[in-house]
There are 2 protein chains.
Amino acid sequence: MDTGFDHEKHGCYDVFSRDCPPRAVLELIAGKWTMLALVALADGRAMRFNELRRRLDGVTQKMLTQTLRALEREGLLTRTVYPTVPPRVEYRLTALGGEIAKLVTRIAAWSTASIDEIRAARAAYDQRLHHTPRPLSA
Amino acid sequence: MDTGFDHEKHGCYDVFSRDCPPRAVLELIAGKWTMLALVALADGRAMRFNELRRRLDGVTQKMLTQTLRALEREGLLTRTVYPTVPPRVEYRLTALGGEIAKLVTRIAAWSTASIDEIRAARAAYDQRLHHTPRPLSA
DNA sequence: CAGTATCCTCCAAGATACTG
DNA sequence: CAGTATCTTGGAGGATACTG
């Protein structure tokens with residue numbers, strides 16, 4: 001039923017709501033390879049497909065294509081095909097993509113900077129519940 | 001066999017490498033509910049379990065517990081149990097968690113601020129390829 | 001209220017093969 | 001080089017029932 005309130009019209013979103021468009025964007029960014037791709041391109045340099053493929057250790061062709069297509073569709077990067085032989089395709093962040101890439105890069109930097117503290121927290125946590133699940137009724 | 005190079009010792013990480021610990025942290029943050037939980041707690045206020053549950057529209061008990069436990073383990077939030085009846089459990093960001101929550105909140109804000117531009121990009125993209133749009137995300 | 005404990009579904013992600 | 005096109009699968013995520 002129609003609530004009589006058009007969120008799109010009012011530009012008023014609750015990111016916690018299940019059908020909030022910005023939340024969908026958040027979920028896109030949360031894709032397994034999305035953040036790494038954004039970080040790789042964050043400096044504004046154009047990169048070729050296999051260049052990205054090599055940089056994102058472990059990514060498959062399919063997943064990289066899928067990730068890049070999704071980012072292109074959202075307007076975060078451009079895909080330029082040069083009709084040469086062999087083909088040459090370059091990916092480059094748009095202005096919009098550059099903004100989000102900067103933020104994601106800061107998160108990546110934070111991860112690296114905080115990794116020691118995080119590892120310590122993990123160790124402490126794992127030690128607190130050190131008792132292996134007791135075979136209570138097994 | 002020791003490779004002779006201890007990354008942990010040197011504090012030298014490549015976030016693109018497949019067994020880079022910071023990359024694992026990045027993947028934690030990329031969890032479906034992690035960013036939303038961080039944003040919900042970003043203001044530093046403590047929140048109770050069901051309070052978070054209501055806020056994160058669509059989350060199940062299992063997923064919320066799992067998300068919060070993971071964040072607790074990484075040292076991003078604390079879980080405080082008050083031995084009352086009925087039980088009362090409060091979740092609150094740590095200083096470390098506050099840092100990342102601020103960054104994630106900025107990403108959420110960016111999503112909301114950019115949604116119109118993104119929607120326009122999507123429409124343009126879908127029109128360029130004159131066949132059925134890919135159902136990557138609604 | 002704030003969880004466990006199970007069971008199950010589904011699709012993101014991977015593997016593999018082929019191509020302009 | 002930079003992709004499609006299929007097929008397959010692990011496990012993230014969900015549904016449901018029970019509990020201190």
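To find a chain, count down the sequence lines: A is the first, B the second, and so on, and within it residues start at 1.
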Given atom CE of A:M63 and atom P of D:dT9, what is their separation to the nearest angstrom? 18 Å

In the structure I gave you, are the side-chain heavy atoms of B:I115 and A:V25 within less than 4.5 Å of one another anywhere? yes

For the pair made of CZ in B:F49 and C1' in D:dT19, what is the distance, rounded to whole Å? 14 Å

Where each residue is assigned the nucleotide of DNA chain C containing its nearest heavy atom, which of A:Q61 and A:W33 is assigned the position nearer the 5′ end? A:W33

Where the side chain of B:T60 is defined as all heavy atoms beyond and including C-beta, which of C:dG14, D:dA15, C:dA2 is the nearest nucleotide? D:dA15

Can you check whether B:R69 has a side-chain N or O nearer than 4.0 Å to OP1 or OP2 of C:dT4? yes

Any base atoms under 4.0 Å from B:R53, or only sugar-phosphate, or nothing? Heavy atoms, all strands. nothing

Could you state the NZ-P distance from B:K32 to C:dC10, rounded to the nearest angstrom? 14 Å

Report the distance from atom CD of A:E27 to atom P of C:dA13, rounded to the nearest whole Å. 12 Å

Would you call A:R45 and A:E51 a salt bridge, taking side-chain N to carboxylate O under 4.0 Å as the test? yes

Quickly work out the A:Q66 CD to D:dT4 P distance and round it to whole Å. 11 Å

Among C:dG3, C:dG14, D:dT4, find the nucleotide with the atom closest to the side chain of B:V89. C:dG3

Rounded off to whole Å, could you give me the CE-to-P distance for the A:M47 and D:dC1 pair? 14 Å

Base of D:dA15 paired with side chain of B:K62 (donor-acceptor, under 3.5 Å): no

Give the intermediate values and the outcome of salt bridge (Lys or Arg N to Asp or Glu O under 4.0 Å) for residues A:E117 and A:R119. CA-CA 5 Å; A:E117 197 168 343; A:R119 290 163 86 93; over 6 Å; no

Same apolar cluster: B:Y82 and B:L77, side chain cutoff 4.5 Å: no

Could you check whether B:Y91 gets within reach of a base, just the sugar-phosphate, or nothing at all, counting any heavy atom under 4.0 Å? sugar-phosphate

Looking at CZ of A:R55 and CG of A:L41, how far apart are the two atoms once the value is rounded to the nearest 0.5 Å? 10.5 Å

For atom CZ of B:R79 and atom P of C:dG3, their distance in whole Å: 4 Å

Would you mind checking if B:R23 and B:D14 are paired as a salt bridge, meaning a charged N to carboxylate O distance below 4.0 Å? no

Hey, does the side chain of B:R88 come within less than 4.0 Å of C:dA2's phosphate (OP1/OP2), counting only N and O? no

Quick one: B:E51 CD to C:dC1 C1', roughly how many Å, whole number? 13 Å

Would you name the heavy atoms of A:E74 and A:L96 that are closest together and state the gap between them? O-CD2, 4.2 Å

Note, DNA chain D 5' to 3' with Watson-Crick or G-U pairs under 3.5 Å encoded as ( ), [ ], | and . gives ||||||||||||||||||||

